[in-house]
Protein chains: 2
Amino acid sequence: MAEDRRTRRSRRALGAALVELVLERGFTALTVEDITERADVARATFYAHFRDKEDLFARVTDDLLAGLAERLAPAMADSAVGFTGKPVLEMLRHAREERDLYRIVLRGEGDGKPLQMFADACARVTAEEFRARAERNAVEPRIDPELLARVWVGEQLGVLRWWVEQETPSLPAEEVVRMLLDLAMRGRYWASGFEPSA
Amino acid sequence: MAEDRRTRRSRRALGAALVELVLERGFTALTVEDITERADVARATFYAHFRDKEDLFARVTDDLLAGLAERLAPAMADSAVGFTGKPVLEMLRHAREERDLYRIVLRGEGDGKPLQMFADACARVTAEEFRARAERNAVEPRIDPELLARVWVGEQLGVLRWWVEQETPSLPAEEVVRMLLDLAMRGRYWASGFEPSA
DNA sequence: CCAGTTAATGAACAACCTGTCTGTAATTGA
DNA sequence: TCAATTACAGACAGGTTGTTCATTAACTGG
């Protein structure tokens, strides 16, 4: 008695309809009836599964994050020490597969709550990691770990949003990772067209 | 006949009420009546000045951006060549003065539209600047200028949001700018607690 | 394949919010 | 002071929300 097939069908259809419609018209413009109509489901059925629009959206994004976490787990273990960019690459691949959803989330649809919460969560663990590294190497960090973490995730998310919004995929994921690593190692100044003065 | 005093009073009150309430409950949760009640203005008066919630919000954020642009103009001229961080510092100061509004915008309230449009606009001009620099120095950029621009604005916005959300202002603006410049010049790897291997 | 359980359906409901439009009263600028 | 403009309270239809209910259809375990 895993789960009634009808339940699965309804939920899936509603989730898919939501994603389609958010891309077309934006989250706030949507009506519950719009969604049920697109999903070909009775309006009453919607409320049998979800409290409201927001609830449905939250479930969809939660699933996405769970999927991401699952894919990231092995890559994280590898690069716990010494940053190789493997997790970033994995995230880009995930984003390519779930591009529609990534677009929605990164556009800040749904009051931007999913996005901000994701960003904050990333920043928290990243800052902790930076602090741990500094302590491990017994160095007083020149840069506030908190700020450094914000730089890190801000940059990731900015690039990610740009990447998934591209109609014609300009850069392969591997190239993006290479450039990000390059920037992290050597700084941005070199890359912006300046010749180093020293 | 600059403008009727009543008009000014009503508009100001409504704008201020909006900002207060968005901070308290979030944009989407708000009702036009909530706003007019807080502003102590009749509901009909609201519609005499604005089409709807979104319209009011758009005017408020447009004013904010106009104020920012005005303050940034002199700083931009100075650092057109060679990046000194002056515009960033000026933005941080502006953000400190208008903290409530910055919080709202950076949280992506109002469907995140103001935020995303601001980010995209910044990225566009930044990318153009990077391209121009590369051409001026006759170098083939190792990093896609488009990507570099996204890194740049993503990092700015990430840090800015973190900074204005802090309850107790942890770092003075000058320190933030110093760290950002440091990162841009020397890269992030140094800062994250690693000892350089070479 | 059957019987019992569970979900989907369409319809109807009050409550709320929206945006518009009145006639009237109060402020304003000249 | 006077004419013009604005704010006001109230009422209005239209749309959305979230709930309930009786009925029909689909599914699952045996």
> Considering residues, nucleotides and ligands other than A:R93, do more than 12 of their heavy atoms fall under 6.0 Å from its CZ?
Replying inline: yes
>> So for atom CD, which belongs to A:E135, do other residues, nucleotides or ligands contribute more than 12 heavy atoms lying within a distance under 6.0 Å?
In response: no
>> Reading DNA chain C from 5' onward, which residue's closest nucleotide shows up sooner: A:V41 or B:L30?
In response: A:V41
Rounded distance (Å) that lies between atom [atom2] of [N] and atom [atom1] of [X]:
X	N	atom1	atom2	answer
B:I35	C:dG19	CD1	P	11 Å
B:D4	D:dC8	CG	P	12 Å
B:E33	D:dC8	CD	C1'	14 Å
A:F46	C:dT9	CZ	P	14 Å
B:R5	D:dA4	CZ	C1'	16 Å
B:E37	C:dC17	CD	P	11 Å
A:H49	C:dA7	NE2	P	8 Å
A:D40	C:dT9	CG	P	8 Å

>> Which is more 5' along DNA chain D, the nucleotide nearest A:A44 or the one nearest A:V32? Just name the residue.
In response: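 Its nearest nucleotide being more 5', the pick is A:V32.
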>> Would you say B:Y47 places a side-chain N or O within less than 4.0 Å of OP1 or OP2 belonging to C:dG19?
In response: yes
> Does any donor-acceptor pair link the side chain of B:R43 with the base of D:dG10 at a separation under 3.5 Å?
Replying inline: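 Checked by distance alone, the answer is no.
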>> With heavy-atom distances below 4.5 Å as the criterion, would you say the side chains of B:H49 and B:T7 are in contact?
In response: yes
> Atom CH2 in A:W163, atom CD in A:Q156: separation rounded to 0.5 Å?
Replying inline: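 One gets 12.5 Å once the value is rounded to the nearest 0.5 Å.
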> At what distance, to the nearest 0.5 angstrom, does CG of B:L64 lie from CG of B:L101?
Replying inline: 5.0 Å
> Residues two or more places apart in sequence or in another chain: which of them pass ring pair (Phe, Tyr, Trp, His ring centres under 6.0 Å) with A:F27?
Replying inline: A:F57
> Heavy-atom contacts under 4.0 Å between residues 6-27 of chain B and DNA chain C, which residues?
Replying inline: B:R6
> If you check every side-chain atom of A:T45, which of C:dA11, C:dA12, C:dA8 has the closest atom?
Replying inline: C:dA8
>> Consider side chain to side chain contact (heavy atoms under 4.5 Å, CB included). Of B:V88, B:L180, B:V164, which one does B:V159 pass it with?
In response: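 When B:V88, B:L180, B:V164 are each tested with B:V159, the side chain to side chain contact (heavy atoms under 4.5 Å, CB included) holds only for B:L180.
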